[in-house]
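Okay, so here's the structure we're looking at.
Below, chain A is the first sequence line, B the second, and so on; all start at residue 1. Everything numeric in this text was worked out from a predicted model, so none of it was measured.
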4 protein chains.
Amino acid sequence: MAQSEQRRNLERNRNGGKRAPGRPRSEESRQAILRSTLKLLKETGFPQLSIEAIAADADVGKATVYRWWPTKAALVADAFSASADQELRFPNTGSVHKDMSLQMRQLIRVFRSQRGKVVAALLGGGQSDPELIAAFRERFLWPRRQQAYHTLQRGIDRGELPAGIDMDLTLDSLYGPIYMRFLIRHDELNESFADALCGLVLHGVEVSRSLQSAR
Amino acid sequence: MAQSEQRRNLERNRNGGKRAPGRPRSEESRQAILRSTLKLLKETGFPQLSIEAIAADADVGKATVYRWWPTKAALVADAFSASADQELRFPNTGSVHKDMSLQMRQLIRVFRSQRGKVVAALLGGGQSDPELIAAFRERFLWPRRQQAYHTLQRGIDRGELPAGIDMDLTLDSLYGPIYMRFLIRHDELNESFADALCGLVLHGVEVSRSLQSAR
Amino acid sequence: MAQSEQRRNLERNRNGGKRAPGRPRSEESRQAILRSTLKLLKETGFPQLSIEAIAADADVGKATVYRWWPTKAALVADAFSASADQELRFPNTGSVHKDMSLQMRQLIRVFRSQRGKVVAALLGGGQSDPELIAAFRERFLWPRRQQAYHTLQRGIDRGELPAGIDMDLTLDSLYGPIYMRFLIRHDELNESFADALCGLVLHGVEVSRSLQSAR
Amino acid sequence: MAQSEQRRNLERNRNGGKRAPGRPRSEESRQAILRSTLKLLKETGFPQLSIEAIAADADVGKATVYRWWPTKAALVADAFSASADQELRFPNTGSVHKDMSLQMRQLIRVFRSQRGKVVAALLGGGQSDPELIAAFRERFLWPRRQQAYHTLQRGIDRGELPAGIDMDLTLDSLYGPIYMRFLIRHDELNESFADALCGLVLHGVEVSRSLQSAR
DNA sequence: CAATAATCGAGACGGTACGTCACGTCTTCTT
DNA sequence: AAGAAGACGTGACGTACCGTCTCGATTATTG
């Protein structure tokens, strides 16, 4: 459930299931707005995206947009998370190496697809708008990181990884290079990069466990 | 030498030292513009930065800005690189671990300083402006990466690192997590992160040399 | 009714009294703009008049001006005609000579007043903008000329003037010298000029009726 | 000799025929500027005419224009009078009627030609620039009016016109309607208008001599 | 079934910044 | 010293969106 659509729904809940009086919010408009937002975001960057254009594209009054989303950032964050919910689940193959590299390959595939433009817009816009980057963290990064913790834990339980490792360091080492290549575009970001990265980092984790545990 | 100031200077060179006719460009204005750009960039983000405000702050006509920089991006890129030239050199302590972690600590220090806002603006803005991100690569990333290659090579020569490693993979593994934490801000980015990262990755490199050489 | 305000009103009429959708035009702004236009026109000439200044003086967004008037000329024409409607009616004294010279005196009085600056601006600007001069003709010249025709006709009916005279020639002979002195300022334009002119021309008309009817 | 080009020539005269030191003024540039001014004035109106464009068209530095003409008005006035010197002389046929109507026909012909655009620009621009209208009076109107006085005087001497007439009233009555039709364009301005006008006004003068002499 | 209430679309509003153009002045080298 | 070249600070241009507002119309709940 998107963050900024709560006003009247909250009232509804408080009133014990009763609807607020007046014309109810148009679900049709809401979806058209989110759809147009994603569409235009893929065509232009975040700064070029205008609420004027979104409203026009969605055949909706400008005020309807402003009624439900306080800023362009909130709208984009909503649109993004509405479209990001179902993807990028972690597999469970019985091997940490395999689980991680498979998921990382998925991520790279997403980054290279049309959807990547939206992520780039979010991360780019987020550099000047804390709300945007927070939305990315909370709706995209954290849910996946929770799953990643479990995946790593399974590896520890199976003895593939030493106990006591710094999971955040490990995961940032695995994903950081992907994000870096995605955002800076200084080198190719293809799926085999996931394998090489996975090999390098997970072997490093195994070896330097003593250092980690000493921290 | 900044990119967008070449027009008339090039002519000068071609003409064998002769100056172009007409009033020469005001070096004073040029520097005032770059100074104001950096100053305002630190106060607001890249999208909020307006050429109008830069010109006003620099006591300069708007047209003078547009005469020399085609876009806000080009201006910011110039301002950034004019201020980034001298820093972040690599040390040479006789140990790869030490050399790298020292430099990475410097980078983190920069990212956490006022200058970090400019980098974030550049990378953020760059997500919707290829010119900006290219400027970052060419004027910031590449020069340092050249030095990093040499640092790694010294490690190989000294036997600290195996020969035949994938330097780009290694360096992205070292720096990627820093950039990720800097841009996504999902976890603390302090200088000790550099040491942990360095330990993890360089040990990983040593162990997985066979994998790398097999590629 | 001013020319450039018709768009939405016309729709209203076509729709049988129904209003166009959307926020209706602000009558307050419209009048403030016209008022400021006249005010500034009296202070400076037509070329010096800037839409920027009008908008500022009227406490109005620049876009509001451009929304309703395509050019500065159209705006000035509207402002002029909004202020010119009620004046300079022709008297009916029972004597052509008296009627004409009284009205011509009024005209000279207007030309010598503050309002004269606006007329001069209109006629001056009109030399490079057909729209402006057309506005002057249609909203100022023609309405008065209609009345002048009737005044002359009354003179003919009463036998003061010969039938079959060229009314346009007559009226241009009466008013042309006034306009000429007003615009070229080569000689004094005072009210007694009206009497002298009237005497000369109307006597001329009486005498040269034969020439006119022979045309 | 144009008004604003006097600075150095005056010095020359004071110095007793000696030339000022330094590079002499380029006659070529001066003429190119005047030529381009007229050319562009015929293409666009006075307000649209830009010194920038004149300098470019004349292949001349902008400063050269500003060095010799203080304002656009002065330049246009100069250009106009440089081109108006030789025309519109009064004939001497032995008949006032004929002399006047021939000259008025000439004037109408000029007004309808390309040169008319320049006159319109001058009179139009002059409504907001006293310098311009003064230039028109002094370099165009007065010289011709002097000749017109003589023409009328010849008529009086020959007994065609009564003595003691108001020459300025007479001439304004003859020319005012032409200027009015030229500037307001409310009715056709063809050469036969000169004859009708001449007939009407000169007959009027003959009849109302008593009124005039009574003034 | 009316009254009330909040939504919807449309689009005008006062603003801010855009990128361009011409202004009149200046600084340089060349003639 | 005047020439051309052309950069300079200035300020208006007309445009695009901003976020807010005022309309009539629509769609629900409440009395």
Please tell me which of A:Ser26 and B:Ser50 maps to the more 5' nucleotide of DNA chain E, matching each residue to the nucleotide holding its nearest heavy atom.
->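 So the residue in question is A:Ser26.
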Hey, which sits more toward the 5' end of DNA chain E by its nearest nucleotide, C:Asp59 or B:Thr71?
->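 Nearest-nucleotide comparison on DNA chain E picks C:Asp59.
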Compute both the distance and the angle, then confirm whether C:Arg25 meets the cation-pi test with C:Trp68: under 6.0 Å from the six-membered ring centre, within 45 degrees of the axis.
->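 Because its charged atom sits under 6.0 Å from the ring centre and within 45° of the axis, C:Arg25 does stack over C:Trp68.
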Go through [options] for me and flag the one nearest to the [X] side chain.
X: C:Pro24; options: E:dC13, E:dG9, F:dT22; value: F:dT22
X: B:Ile51; options: E:dA22, E:dG19, F:dC13; value: E:dG19
X: D:Arg67; options: E:dG14, F:dG3, F:dA5; value: F:dG3
X: B:Ala63; options: F:dT10, E:dG9, F:dC18; value: F:dT10

Within 6.0 Å of CD in B:Glu43, more than 12 heavy atoms from elsewhere =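 Check passes, neighbour count above 12.
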Measuring to OP1 and OP2 of [N], would you say a side-chain N or O of [X] lies under 4.0 angstrom away?
X: C:Ser29; N: E:dG14; value: yes
X: D:Thr64; N: F:dA2; value: no
X: B:Trp68; N: F:dC8; value: yes
X: A:Trp69; N: F:dG19; value: no

Can you check the [X] [atom1] to [N] [atom2] distance for me, whole Å?
X: B:Glu28; N: E:dC26; atom1: CD; atom2: C1'; result: 13 Å
X: B:Arg23; N: E:dC26; atom1: CZ; atom2: P; result: 9 Å
X: D:Lys72; N: E:dG24; atom1: NZ; atom2: P; result: 8 Å

Describe the nucleic acid contact of D:Ala53 in one word from base, sugar-phosphate, nothing, applying a heavy-atom distance below 4.0 Å.
->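 Nothing, no nucleic acid heavy atom in range.
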Short question: side chain of A:Ser81, backbone of A:Ala77 - any donor-acceptor pair under 3.5 Å?
->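 Yes; judged by distance alone, with no hydrogens or angles, the pair exists.
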Under 3.5 Å, side chain of A:Lys72 to main-chain N/O of A:Leu49, donor-acceptor pair present?
->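 Flag set: sc A:Lys72 to bb A:Leu49 pair under 3.5 Å.
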Does a distance-only test, which skips hydrogens and angles, find a donor-acceptor pair under 3.5 Å between the side chain of A:Lys62 and the base of E:dG9?
->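 For A:Lys62, whose side chain was compared with the base of E:dG9, there is no donor-acceptor pair (under 3.5 Å).
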